[in-house]
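Numbers restart at 1 for each chain; the letters A, B, ... are given by sequence-line order, proteins then strands.
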Amino acid sequence: MPELPEVETVRRGLAPALEGARIVSAVVRRPDLRFPFPDELKDLLEGARITALTRRAKYLLIELDKGTTLIAHLGMSGSYRVHSLLDHTLRSSRDRASGPEPAWSERPLSDPTPLIPGQFHYERSTLGAHDHLVLEVEGGAIGPAEVIYNDPRRFGFVLAAPTATLYEHPFLAELGPEPLGNALTPEHLAGRFAGKRAPLKAALLDQKNVAGLGNIYVCEALSRAHLSPKRLAGTLVTKKGLPTQRLVTLTQVIRDVIGEAIEAGGSSLRDHKQTDGSLGYFQHSFSVYDREHAACPTPNCKGTVKRIVQSGRSTFYCPTCQR
DNA sequence: AAGTGAACCTGAAGGC
DNA sequence: TGCCTTCAGGTTCACT
């Protein structure tokens, strides 16, 4: 699922449950995802307080008060869901304000001890085969809750790194600038692209050049910039190593696309849901992604969106107006 | 050195 | 219905 806007949406969805919360229990339901889980992950998590929940590129960074930060990646199919364990009365009054009653279970836990004195504790959500990590937390903004990581394809992972040297971790050290940060400039990209013979599609997917773009948003950015995904990256740099006007435009549309997608809650393909079960809606704004044979959305362009394969992945673009 | 393709997994969708 | 193929929002590794 996840490119930068989707991961940022996940982060925002998890923050009310996790930030400032204490992890009451952790269940690790298999020994590994793409990589083995850290040794004693369960012991590391249980009793820890989450002091910050941030994001870098497509990585979620879960900072614990033990001097350790978890580096979590969603791979292609990872998702989190949050299941409130709040008292029935509290949930009812809150949910009445914003929609229909949710179908939570009212059966009490086998352990009748209330999580918080005076509150009733409801049954945990039913777990499926691909629910790999289950955290029970309390003390975040929404109170007691379960946070469950699901990942059918298991391309995602959770690693632990010392907080003090977090950004020296191999997965973070070489990342390019955040698309919405000040470090992403036409000059930066000119420096990265100069002399490069890789097609723009591949150059923008390379996380060392700019962080957080994936197949969707590269296609969308190139469409808006009217640049062919097959054009060589080096052609956007002058002989003196300066950005061309086209590269200035490309830099701006990357910001625009990513910013708009975050505001829309990301893109929901194949029924992917946010942490609260709702859907992002940026997919309705796609210009070209997954729109093969559709009319090109560029004003006055009579072209048709075409699908090609570049380095084994689908690229969607309009050959008429993207040059 | 840099650039391309295969590999890692499961599940959904489409063709026959 | 069922079987087969293809494809999927990512990343790393092994080859030219």
Side-chain angles (χ1 to χ4, degrees), chain A residues 1-11 29-36 55-60 71-80 128-132 149-159 169-176 179 191-223 229-235 257-258 261-262 264-274 279-293 307-316:
Chain A
M1 137 221 168
E3 301 181 34
L4 188 156
E6 291 74 37
V7 179
E8 176 61 20
T9 300
V10 167
R11 189 197 68 77
R29 302 182 76 226
R30 56 174 294 128
D32 55 43
L33 291 174
R34 183 164 142 210
F35 306 120
R55 177 194 56 74
R56 172 75 169 103
K58 303 172 190 173
Y59 297 94
L60 280 174
I71 303 173
H73 197 288
L74 299 167
M76 290 278 268
S77 58
S79 64
Y80 286 89
H130 303 304
D131 291 329
H132 305 307
Y149 179 64
N150 179 285
D151 188 353
R153 295 177 73 179
R154 306 202 300 272
F155 289 169
F157 56 83
V158 177
L159 298 175
H169 190 280
F171 286 171
L172 303 182
E174 295 193 79
L175 288 172
R192 297 291 311 185
F193 287 179
K196 283 286 198 309
R197 300 195 52 77
L200 279 175
K201 174 75 187 299
L204 293 177
L205 282 175
D206 186 341
Q207 304 293 297
K208 297 189 187 73
N209 293 331
V210 52
L213 300 185
N215 210 32
I216 291 176
Y217 297 110
V218 167
C219 290
E220 292 302 305
L222 289 173
S223 166
K230 296 194 281 192
R231 173 191 274 269
L232 302 190
T235 66
V257 168
I258 295 297
I262 290 174
S267 303
S268 293
L269 272 52
R270 285 167 278 284
D271 271 350
H272 179 79
K273 293 185 172 63
Q274 297 179 19
L279 299 173
Y281 51 90
F282 191 76
Q283 65 276 14
H284 304 302
S285 302
F286 289 168
S287 296
V288 291
Y289 186 84
D290 213 10
R291 298 252 191 279
E292 189 183 13
H293 305 312
R307 175 184 179 272
I308 62 172
V309 175
Q310 289 179 291
S311 49
R313 313 197 57 194
S314 289
T315 294
F316 298 89

Side-chain N,O ([X]) to OP1/OP2 ([N]) below 4.0 Å:
X: A:Lys196; N: B:dA2; value: no
X: A:Ser314; N: C:dA8; value: yes
X: A:His73; N: C:dT11; value: yes

In whole angstrom, what separates [X]'s [atom1] from [N]'s [atom2]?
X: A:His169; N: C:dT11; atom1: NE2; atom2: P; value: 14 Å
X: A:Leu205; N: B:dG5; atom1: CG; atom2: C1'; value: 14 Å
X: A:Leu172; N: C:dT12; atom1: CG; atom2: P; value: 11 Å
X: A:Arg153; N: C:dT12; atom1: CZ; atom2: P; value: 16 Å
X: A:Phe193; N: B:dG3; atom1: CZ; atom2: C1'; value: 15 Å
X: A:Asn150; N: B:dT10; atom1: CG; atom2: P; value: 13 Å
X: A:Arg307; N: C:dC7; atom1: CZ; atom2: P; value: 5 Å
X: A:Asp290; N: B:dA13; atom1: CG; atom2: C1'; value: 12 Å

Checking only heavy atoms, does the side chain of A:Arg154 share a donor-acceptor pair with the base of B:dC9 at less than 3.5 Å?
no
Below 4.5 Å, heavy atoms only, C-beta onward: do A:Leu200 and A:Thr235 meet side chain to side chain?
no
How far does the P atom of B:dA6 sit from the matching atom of C:dT6, given to the nearest Å?
13 Å
Dump the intermediate steps for salt bridge (charged side-chain N to carboxylate O under 4.0 Å, His left out) on A:Asp32 and A:Arg34, then the final yes or no.
CA-CA 6 Å; A:Asp32 55 43; A:Arg34 183 164 142 210; over 6 Å; no
Relative to the ring of A:Tyr59, is the ring of A:Phe171 parallel (under 30°), tilted (30 to 60°) or perpendicular (over 60°)?
parallel
Against A:His73, only a single residue in A:Phe155, A:Phe157, A:Tyr149 fulfils ring pair (Phe, Tyr, Trp, His ring centres under 6.0 Å); can you say which?
A:Phe157
For B:dC9, is there a stacking contact with A:Phe155, counting only centres under 5.5 Å and planes under 30°?
no
Picking from C:dT11, B:dT10, B:dT4, which would you name as closest to the side chain of A:Ala198?
B:dT4
Choosing from C:dT12, B:dT10, C:dG10, which nucleotide comes nearest the side chain of A:His130?
B:dT10
Reckon A:Phe286 touches a base, only the sugar-phosphate, or nothing at all at heavy-atom distances under 4.0 Å?
nothing
Which heavy atom of A:Gln310 sits nearest a heavy atom of A:Thr315, and at what distance?
OE1-OG1, 2.7 Å
On DNA chain B, nearest-nucleotide positions of A:Arg197 versus A:Arg34: which is more 5'?
A:Arg197
Applying the Watson-Crick and G-U wobble criteria at under 3.5 Å, what pairs with B:dG15? Answer none if nothing qualifies.
C:dC3
